[in-house]
Amino acid sequence: MSENQIITKLTMRRPDDWHVHLRDGEMLVAVGPMTARQFGRAIVMPNLRPPVTTAADAVAYQARIQKAVPSDLNFTPLMTLYLTDKTDPDDLERGFKAGQIVAAKLYPAGATTNSDHGVTHITKISNVLERMESLGMPLLVHGEVTDQNIDIFDREHVFIEQVMKPTLQNFPALKVVFEHITTSAAVNFVRSQGPRVGATITVHHLQINRSDIFKGGIHPHLYCLPIAKREEHRLALREAATSGEAQFFLGTDTAPHGVDAKETACGCAGIFSAPTALELYAQVFDEEKALDKFEAFASLNGPKFYGLPINDDTVTLVREDWTAPATTEVGAGQAVKNYRGGETLNWRLQDL
Ligand code: NCD
Ligand code: ZN
C-alpha cells in the first residue's frame, strides 16, 4: 500500500481488555455490556467492597458478571484475586488449576480506590509469590508506592526501585504485568526485563498529560491513578504501544465512578473509557501512523503473555466522524461521565 493511501476500514482479531473494573450491582449492569461489546475477554479487577480475596469469591463474582452481560456477546470475564497479607496459597493454587482465577493483583495497601486491604509489605506474601512462580500464574501489579512523603508524580518510578526490582530478583521466574504504566522509566524497565514482564497501557495515558488535568480549571474526570505524567512520558508510552513489541498490550483500566463521587471536594480516582475504548486506541494508532501494529497491541500480545489462544472472531472499525455519548446512565438518577464523551471521534466500531 502506498504511504498516503488512507485506511478507511480496519478488521482485526477481536481484542481483549487486560485490565478492567466492572464493579458490582447496578454499576456492573450498566458498564459490563459496554466492555463485552468491544472485547472478547477481560481481566477483571478484584477491588470490590469487600475485595475478591478467595477463589470462591471470584466464582461468585464471575457469575454476577455473566448475568449482567448479554450471552450473545460471547464475553469471557477472566477473574483475579486481590492479594492481602492473609492470602492462602492453597486456595489460590486450587482456583488457578480449576480455571476459576487466572492471575492475582498486588495493590500496595492504600494505593488507590478500595485498596485498604492490600499488601502492607511485599515480604508478607513471599509464600504466595513462590507458589505463583511455580504455577506460572501472573502477578498483576499496581506499581506505585503509597508513602505520602513521595511526590505523587514519582510514585511509579520509586516503586520500580523499591519493589519491582527486588521482587523480580527474588522470584526469577515469576510472570509479572506492570499495570497501567505511565512513565518512560516504566517503559524502559519493562523492556529491560524480557518476556516474563508485560505491561498494560491505557488509552487515556496515551492521550493526556498532567497539564490536561488542569487546563483552564480542574478536570476531575481526568483524575486517575496512576496520575497522568509529563508530556515526555505520554510520548514514550505512545512509542511503546505502537511499537508492536510483545511486552506491551491493551488494558483500559476503565474505572467508573458516579458523577457525584468525581465532582466533589475529594473526588475518586478513575477514568471511564469502556464505551469507546477501541475507537480511541484506533485514533492513537492512526495518529502515530501505526495502524498496522494495532492488532498486535490489542489482540495478540496479551493472549500470548497469558498463554491463552487469540480470539476466533474479528471486529471492524471504520473511519467515520461521530459524536460519542456524553454519559452512561446507572440505575435511577445516577450517571457516569464517559471519557471523551460528547466529543467527535474519527473511528467507529461496527456492531455485529
Ligand atoms: C481504580 C478504581 O477506581 O477502581 N482507579 C483508578 O484510578 N485507576 C483503581 C485502580 O486500578 O487503580
Ligand atoms: Zn485499575
Side-chain angles (χ1 to χ4, degrees), residues 16-25 27-28 30-32 35 39 42-53 61 65 77-83 103-119 138-146 152-153 155-156 159 163 176-183 186 198-208 210 212-213 218-229 237 249-264 266-274 277 302 328 330 334 336-339:
D16 303 298
D17 187 343
W18 299 97
H19 186 129
V20 30
H21 298 268
L22 292 181
R23 311 299 195 210
D24 215 341
M27 186 68 93
L28 166 61
V31 305
T35 292
F39 299 100
I43 288 278
V44 181
M45 290 297 131
N47 63 330
L48 302 181
R49 276 172 219 240
V52 177
T53 54
Y61 183 30
I65 296 168
L78 302 172
M79 308 311 290
T80 61
L81 282 197
Y82 188 112
L83 294 178
K105 178 80 189 278
L106 171 67
Y107 282 105
T112 183
T113 318
N114 305 346
S115 67
D116 295 350
H117 305 262
V119 172
L139 174 72
L140 315 183
V141 180
H142 183 108
E144 287 191 292
V145 289
T146 56
I152 186 170
F153 295 100
R155 286 180 196 163
E156 184 172 279
F159 187 89
V163 186
V176 173
V177 182
F178 198 155
E179 298 290 343
H180 40 54
I181 57 171
T182 59
T183 58
T200 52
I201 305 181
T202 75
V203 73
H204 49 274
H205 289 117
L206 295 171
Q207 293 190 315
I208 63 167
R210 66 190 201 178
D212 291 315
I213 306 170
I218 191 159
H219 296 263
H221 295 284
L222 297 184
Y223 171 57
C224 66
L225 289 172
I227 197 159
K229 307 296 191 296
L237 296 172
F249 38 88
L250 186 159
T252 61
D253 193 21
T254 174
H257 292 279
V259 170
D260 292 354
K262 295 285 289 177
E263 298 178 11
T264 179
C266 187
C268 292
I271 290 179
F272 178 56
S273 58
T328 297
V330 181
Q334 214 203 139
V336 178
K337 167 90 172 67
N338 301 339
Y339 174 62

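Computed from a predicted model, the values in this text were never measured in an experiment. Numbering of ligands and ligand atoms starts at 1, following listing order.
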Margin query: If the cut-off is 4.0 Å to any non-hydrogen atom of Y107, which atoms of ligand 1 fall inside it?
Written below: 11 (O)

Checklist line | Geometric N/O contact L225 with ligand 1, under 3.5 angstrom | finding: yes

Check: Do Y339 and I208 have side-chain heavy atoms sitting under 4.5 Å apart?
Finding: yes

Margin query: Taking 2.8 Å as the cut-off, does H142 contribute an N, O or S atom near the Zn ion (ligand 2), distance below it?
Written below: no

Next item on the list: Without swapping roles, check the side chain of H204 against the backbone of A228 for a donor-acceptor pair under 3.5 Å.
Entry: no

Next item on the list: Looking only at distances, please establish whether an N/O atom of ligand 1 is found under 3.5 Å from an N/O atom of A269.
Entry: yes

Notebook entry, point to check: Side chain or backbone of E179 under 4.0 Å from ligand 1, or both, or neither, by non-hydrogen atoms?
Noted result: neither

Note to self: Restricting to N/O/S atoms, is E179 within less than 2.8 Å of the Zn ion (ligand 2) or not?
What the structure shows: no

Checklist line | Name of the H21 atom (N/O/S only) found closest to the Zn ion (ligand 2) | finding: NE2

Next item on the list: Report yes if I271 has an N/O atom closer than 3.5 Å to an N/O atom of ligand 1; otherwise report no.
Entry: no

Checklist line | Of all N/O/S atoms in D253, the name of the one nearest the Zn ion (ligand 2) | finding: OD1

Next item on the list: Please state whether H21 comes within less than 4.0 angstrom of ligand 1, counting heavy atoms only.
Entry: yes

Next item on the list: Could you pull out all residues at least two apart from H180 that satisfy side chain to side chain donor-acceptor pair (under 3.5 Å)?
Entry: H142

Note to self: Using a 4.0 Å cutoff against the non-hydrogen atoms of H142, which atoms of ligand 1 qualify?
What the structure shows: 12 (O)

Check: Of the backbone atoms (N, CA, C, O) and the side-chain heavy atoms from C-beta on, which set of H257 has a member under 4.0 Å from an atom of ligand 1: side chain, backbone, both, or neither?
Finding: side chain

Notebook entry, point to check: Relative to atom 4 (O) of ligand 1, which among N47, V20, T252, T254 owns the nearest non-hydrogen atom?
Noted result: N47

Next item on the list: Go through the steps to decide whether L237 and I181 satisfy the test side-chain contact (heavy atoms from CB on, under 4.5 Å), and finish with yes or no.
Entry: CA-CA 8 Å; L237 296 172; I181 57 171; 3.8 Å; yes

Item checked: Atom pair CG/CD1 of L250 and I201 - distance to nearest 0.5 Å -> 9.5 Å

Checklist line | N47-H21 side chain donor-acceptor pair, cut-off 3.5 Å | finding: yes

Notebook entry, point to check: Applying the side chain to side chain donor-acceptor pair (under 3.5 Å) test to H257, which of K262, R23, E263 qualifies?
Noted result: R23

Check: Heavy atoms, side chains only, cut-off 4.5 Å: are T183 and F153 in contact?
Finding: no

Notebook entry, point to check: Do H19 and I43 come close enough that some side-chain heavy atom pair is under 4.5 Å?
Noted result: no

Notebook entry, point to check: Of all the atoms in ligand 1, which lie at a distance below 4.0 Å from a heavy atom belonging to A255?
Noted result: 1 (C), 2 (C), 3 (O), 5 (N)

Check: Which part of H204 is near ligand 1, with near meaning a heavy atom under 4.0 Å away: side chain, backbone, both or neither?
Finding: neither

Check: Does the side chain of T200 come within less than 4.5 Å of D253's, by heavy atoms?
Finding: no

Next item on the list: May I ask you to list the atoms of ligand 1 that are less than 4.0 angstrom from any heavy atom of C224?
Entry: 7 (O)

Next item on the list: State, with a plain yes or no, whether a side-chain heavy atom of L140 is found less than 4.5 Å away from one of W18.
Entry: no

Next item on the list: Say whether Y223 and ligand 1 are in contact under the criterion: heavy-atom distance to a ligand atom below 4.0 Å.
Entry: no

